[in-house]
Amino acid sequence: MIENFKDRNVGVQHYRFLKLEPTPTTKMGKFKRFLRRTFKLELFVGLKVTFREMIKALFFGEMHTVKYPLEKLPISPRFRAIHQMLRLLESGHYRCIGCGLCEKICISDCIRMDTRYDENQRKEVVEYTINFGRCIFCGYCAEVCPELAIVHGQRYEVATEQRASYALFEDMLTPIDQLKNQKEYPGFGAPSPNADENIKKTPLAY
Amino acid sequence: MEAIAFYVFAVLITALFLVTVFSKNALYAMSSLAAGMVLISGIFFVLGADFLGAVQLVVYSGAVMALYAFGMMFFDATKDVKEKNPSAKTIFLLSGASAVILVVIFSAPQIGRNIKALVTGTPGADNPHVIGEVLFTKYLIPFEVAAVMLLVAMIAGIILAGKKMDVSLSESEDDLVDEASELKEQK
Amino acid sequence: MSLTLTHYLILSVILFVIGMIGVIRRKNLLMLFFATEIMLNAANVALVALSSYIGDLTGQLFALFIMAIAASEVAVGLGLLILVYKKQGTLDLDNLTLLKG
Amino acid sequence: MDGYIIGTIIKAILVLAIISALAGFGTYIERKILAFMQRRLGPTHVGPYGLLQIAADGIKLFTKEDFIPQGANRIIFMVAPIITAATAFIALAAVPLFPEFEIFGIKVQPIVSDLNIGLLFVIAMMGLGLYGPLLAGMAQDNKWGLIGSARTAIQFLSYEVVTGLSLLAPVMMVGSLSLIDFNNYQAGGIGNWIVWSQPVAFILFLISGFAETNRTPFDLLEHEAEIISGYATEYSGMRWGMFFIGEYTNMITIGFLASLVFLGGFNPMGFIPGGIAIILKVSFLFFLMLWVRASWPHVRPDQLMWLCWKVLMPIAVINILITGIVLMV
Amino acid sequence: MEKLLYIALFAPLVSSLFAAIFAQRKKMQLVGIVASLLIIISFLASSALLSHLLSGGAVVTANLMDWIVVGDMDVKFGFMVDQVTAVMMVVVTLVSAVVHVYSNYYMEHDEGFNRFFSYLSAFVFSMLVLVMSDNFLGLFIGWEGVGVCSWLLVGFWYYKPDQPREVNPSISPSWAANEAFIMNRIADLGLLVGIFILYWNLGTLTYSEVFANLDKLSGGLMVAAAIALFIGAMGKSAQFPLHTWLADAMEGPTPVSALIHAATMVTAGVYLVIRANPLYSQVPDVGYFIAVLGTFVAIFAASMALVNRDLKRIIAYSTLSQLGYMFAAAGLGAYWVALFHLAAHAFFKALLFLGAGNVMHAMDDELDIFKMGGLKKVMAKTYLYMGVASLALAGIWPFAGFYSKDTILEVAFNEHTYGIWFVLWLTAGLTAFYSFRQVFLVFEGDERYKKYGFHPHEAPNWVFIALLPLLVLAIVFGWWKEEFMEFVTLILPPYEMSEETHHVAWILILLTSAIAIGGIVLAYIKYANGLKRDPKIENSFIYKLLQNQYYIPVFYDKAIVKPYAELSDIAWKEIDLEMIDATVDGIAKAIEVTGDKSREIQNGNLSTYLRWMVAGFIIITILAVVSVVIK
């Protein structure tokens, strides 16, 4: 069942045209429509559909429900949730250069960073917090980042018990031991892997 | 048993109607009046007029008072009704006098002794049956007339409270009339 | 302790007088209507009581017709009330003095 | 005499308890069936199959803060939900729920009070139920509430006419207003059901029953998308719960009425004994209400009035005329 | 049979209502066609009833409904078709049918086309009610109904202005209509009194019961009833001295004159006398009086017709004269003869009038026969029709009038009332003279109309086809005298000539024919070759007297109308203004003062009113209590 959902956003459904008759304007046309609707018993068609769905649900187990905390749906690779700070693959050092662009561009003013010069006269991030109580996940920070240091990750369960919850730099940074699993992002606005397929399958009239 | 019911109902009805008459709040007045009507149907049940009790419930409480309530939505129901009350002396003089006279009339020995039943209906049949029997034989024409009257009242109500009720065509303010006719044309 | 016709008639008188007090006392048209309904109901009580104690159905039928009259009265009266309110902005009798000569 | 009073009190308490429990259970059923019809699961977490969801809801309702808006008319605001619940249960008093049975050697008629004007009484009480929403809406000093109660007044008053007229035709056939007489009239198999001789009246009654119980497609009184929650906007806690119970009780009453008047009542159906038969019928009608809610969209208020006055009422009148003519002939 | 009766009765009503729907609309040919068809249906139904009776069927009776049930009084809307009624019905419906069809032609340019048919059909309905009713009250309703319709139809052109009497003797249509109506009202009072006398003493109004119980009446009462009923008949049949309205009624459209004032309504009086024959048979003195009066009217009217120049008035006077014949016959007890003359007269007189209508149409509504002449060249067919009708009127063999009129003369002779016979005989000569004076002045001689710039034209052919039934009947109706007598004497008392009369009958016939032919010849000599006016004759006293209708209208004006107007004037100025108005004004003033004082109560505040209302309620209840206590 879960498999059904895997493709649900990637456009493999089969589109179907509905033949819609023009709305009648004459009295006679309206009368004809009335007759058709009455004697074709369109109301009962509606009942039939729901009943069929119930039968399917009850006896064939074709439920749509996903028991969420117990099972989770796979998400698109382009899903953008909680921010991640990436590391350089070679050195393992964080990519952030402390330029402050993300702080500047953030429209909901939720990013806050503090930098200083370290002993090598390089900029070092001292403090970097994102207030997820305010973040609207607009993605501007990831877009503006010149180093692809801050990106949106896949973690979407953000519920907390506190109204304002800050994420610290360290929380978002890829753990050093997970470095080899770190995914590279093609950057903001890149097409999805199966974009071609999508475009072809969509009818022009859609 | 019946006496208990009667006294309970009587006291409640009197109290509720007093609230209606003396309350400053229209909503209280309306609700207590409606409740009183329901209880009056109780009196009818006690008197054995089952059908009339039910009709009282349906017509008076269910329809008439509901209509009042509906009408009240056009006015501001939650605001207190401000009234300049006339002197209490007149009120109590007039009402007291009429009460005394009415009591005298009703408790006078002439009444209730000399009246004979004229229309009795089939003995043994239950109340709705008997009422139907009499209503559709002896009182058929009043019944029909009442029906016509209701129809007329319905039409009158529709016309009075109809859509154009805010535009008075009789008060020949020309621009208003023009507006109304324009509205009509647009439709 | 047993109930007699007089009990009901006295109740009817009490209700009628309550309604009458309302009619005299209230200045708000809606309240006047309410008071009138009370008076009608009082009459109904008397009619039904008489009918029940004498065994004559006429009283009940008259009560029935009174209800019909009340229903039509509401239909027309309420329409008029709304009209008055729309035109005058008030339902107070003291302000409705267009006919005052 | 005393026995009669005690018996009546016992019956009343039983009906009150069972039906209010059923009303709660009804919410569970509704949620479940609606879920199934949308291929969802519905409540599952509390108890086996989510059965204890009712208890959870009840606890929630009881413990919720009961607040009264500042501008509200306190007394009427507090009384209104009670009216809804009370009238709903009083209406049930004249409805015979099951066939007679014997327990502890006493013959029990499962009807609280067998009035000879039973049907009229039930209709009257359901009509009185209108006061709940009406007063609630007017008392709460909230414009959505006011609109909701205005809609209540229109809808109930209008559809009461259709209800009455549609029931008039069967009443003319049976010649009695007592629901037990209705039941006895239809004794002797499915062929004797009034629904076969009065299909139009049955459909009209169903439609107006939907309207009077405020069910989709006529759920305009508390339609969230338009007027928040209508007359119940400012209500919370158990007061809101009473509205709910009243509403579900009304659904059950309509179910019983329809089964008694049109669908053969509690006469045994072949091998099925009468008590079970009527439960089946009422369950089916209840299910029908949910089914319809799952399937159909609701109508606009003007369409509602149009349907009532220009479609249903003429049909009802014509139906009565035809019935009268047939009966005369 | 009952169905036929209802069809015959109500088809005209339907027709009238149908036409009335469109009364305010402009002319619709459909209305005329439908109305005519419905009247023809009524005629067919009447004919069927007649044939039913002719083949020996029983008298048809029908009871539509209970009408007045008060105490002992029980009057039903009952109808009865016996032999007399059947004859009347056929005559009425036949003439009506012809007139309806003819009106399609005559009224074709009139604005009130639809209205006219409505009135006309209403008249037919009323007339049928009159003849078909089986009691006096129904007869009275029909009687009044035809009166109203006559009023409506005479005043059909009510918008025409009043003129002085010298210019137009009738002054104006509305004046004529009112005159006819008021005169009839005066006479109707007599009829009502007669009906009251009968009911008061016999307790019933149904013909059969009244006539069966006549012997319960004392002699004086019987005479009173007979005279009272005859006064009603005098009014409706325009007998002296209530005759002036008939000539003035000629202001109405010509079809109306043909239908109402020649063929049907005016004969209602004769019908009443015939219908009440058991009563009149019991009081021979009254009968003799009727006969004398009828005879007098016959020669009186004929003399006025001699000199009149108005086409329609001549025919109207002739109608009066012939009504006199009928009354003479009826008064002498020869009821079937009266009925026979009534039917025959209806046919040829209607024909004469409709022919006159053609002439009027041709001459642009010009009525003065001195301005016509030589019309036979353009209106040959009309000449033929009117000629035949005039021959019948003059009583020339073998036309219908010959049989009926001669029989009346024979009756007069048979009764040994030689005076009556002589006057009637003389009248026959006058009749022949004036009718042919009219015909010759219109159709023969020099073409005087050219001087006045008229362009006469003949009516369309279908009109003549429509008139054909009347033409044929005017010729052949008299041949059925014997059959007619056998038929109607089933109901009416038979009248047999004595042996003596039989012997001299041929002499009488010869005498009558001689004077009639003499009259025609005289008319031919004087008028056939053109109009020669002799001022000496015209200025003679008798000529003037006749031309001014014996100065009777003037006399009425001077002796009755003027004094009455003066009396009214006095009553208005002296009594009404001075006494009654003063009293009323005084009361009003008192009320005004009271109102002025008590208007404080009415301060415009509803609340105050309500309090007053309660106070009034208390007073009334106190009064109720007090009244009970006192009792």
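Computed over heavy atoms, backbone and side chain alike; hydrogens, waters and symmetry mates excluded. Each chain gets a letter, A, B and so on, in the order its sequence line appears, and its residues count up from 1.
Considering all non-hydrogen atoms of both residues, C/Met31 and B/Ala26 come closest at CE-CA, 3.2 Å. The two atoms that bring C/Val17 and B/Ser98 nearest to each other are CG2-OG, 4.5 Å, heavy atoms only. B/Met149 and C/Ser72 get closest at one heavy-atom pair: CE-OG, 3.3 Å. Between B/Val64 and C/Ala71, the shortest heavy-atom contact is CG2-CA, 4.0 Å.
Looking at C/Met67, both its backbone and its side chain come within 4.5 Å of chain B, counting heavy atoms on both sides. Looking at B/Met65, the atoms closer than 4.5 Å to chain C (heavy atoms on both sides) all sit in the side chain, from C-beta outward. The contact between C/Tyr8 and chain B is made by backbone and side chain atoms together, counting heavy-atom distances below 4.5 Å. The part of C/Ile14 that comes within reach of chain B is its side chain, from C-beta onward, which places non-hydrogen atoms under 4.5 angstrom from that chain. Only the side chain of C/Phe65 comes within less than 4.5 Å of a heavy atom in chain B; its backbone stays farther off. Interface remark: C/Phe16 contributes side-chain atoms only to the contact with chain B (heavy atom separation under 4.5 Å). Proximity to chain B (any heavy atom under 4.5 Å) is restricted, for C/Leu11, to the side chain, taken from C-beta onward. Contact annotation for C/Ala35: neither backbone nor side-chain heavy atoms come within less than 4.5 Å of a heavy atom of chain B.
Distance CD1/C/Ile18 to CG/B/Leu16: 10.0 Å, rounded to 0.5 Å. The structure places CG of B/Leu94 at 4.5 Å from CD1 of C/Ile24, a figure rounded to the nearest 0.5 Å. The distance from the OG1 atom of C/Thr58 to the NZ atom of B/Lys138 is 5.0 Å, given to the nearest 0.5 Å.
With sequence neighbours excluded, the residues satisfying side-chain contact (heavy atoms from CB on, under 4.5 Å) with B/Ala63 are D/Leu157.
Between B/Leu52 and C/Asn44 there is no side-chain heavy-atom pair separated by less than 4.5 Å. With contacts defined as side-chain heavy-atom distances shorter than 4.5 Å, the pair B/Phe70/C/Leu78 does not qualify. Two residues are said to be in side-chain contact when any heavy atoms from C-beta on lie closer than 4.5 Å; C/Val45 and B/Phe44 meet this criterion. Here the side chains of C/Leu64 and B/Phe143 are not in contact, with every heavy-atom distance at 4.5 Å or above. At least one side-chain heavy atom of C/Asn41 sits under 4.5 Å from a side-chain heavy atom of B/Gln56.
Just one residue in the list B/Tyr68, B/Phe22, B/Phe17 forms a ring pair (Phe, Tyr, Trp, His ring centres under 6.0 Å) with C/Phe34, and that residue is B/Tyr68.
With respect to chain C, the highest number of heavy-atom pairs below 4.5 Å among B/Phe9, B/Phe51, B/Phe6 belongs to B/Phe6. Note on B/Ala146, B/Ala147, B/Ala99: by heavy-atom pairs under 4.5 Å with chain C, the leading option is B/Ala99. Ranked by heavy-atom pairs under 4.5 Å with chain C, the list B/Val46, B/Val145, B/Val59, B/Leu67 is led by B/Leu67. Ranked by heavy-atom pairs shorter than 4.5 Å toward chain B, the options C/Val76, C/Ile10, C/Ile38 are led by C/Ile38.
Chain C is approached within less than 4.5 Å, heavy atom to heavy atom, by B/Leu33, B/Met37, B/Ile40 from residues 32-42 of chain B, ordered by number.
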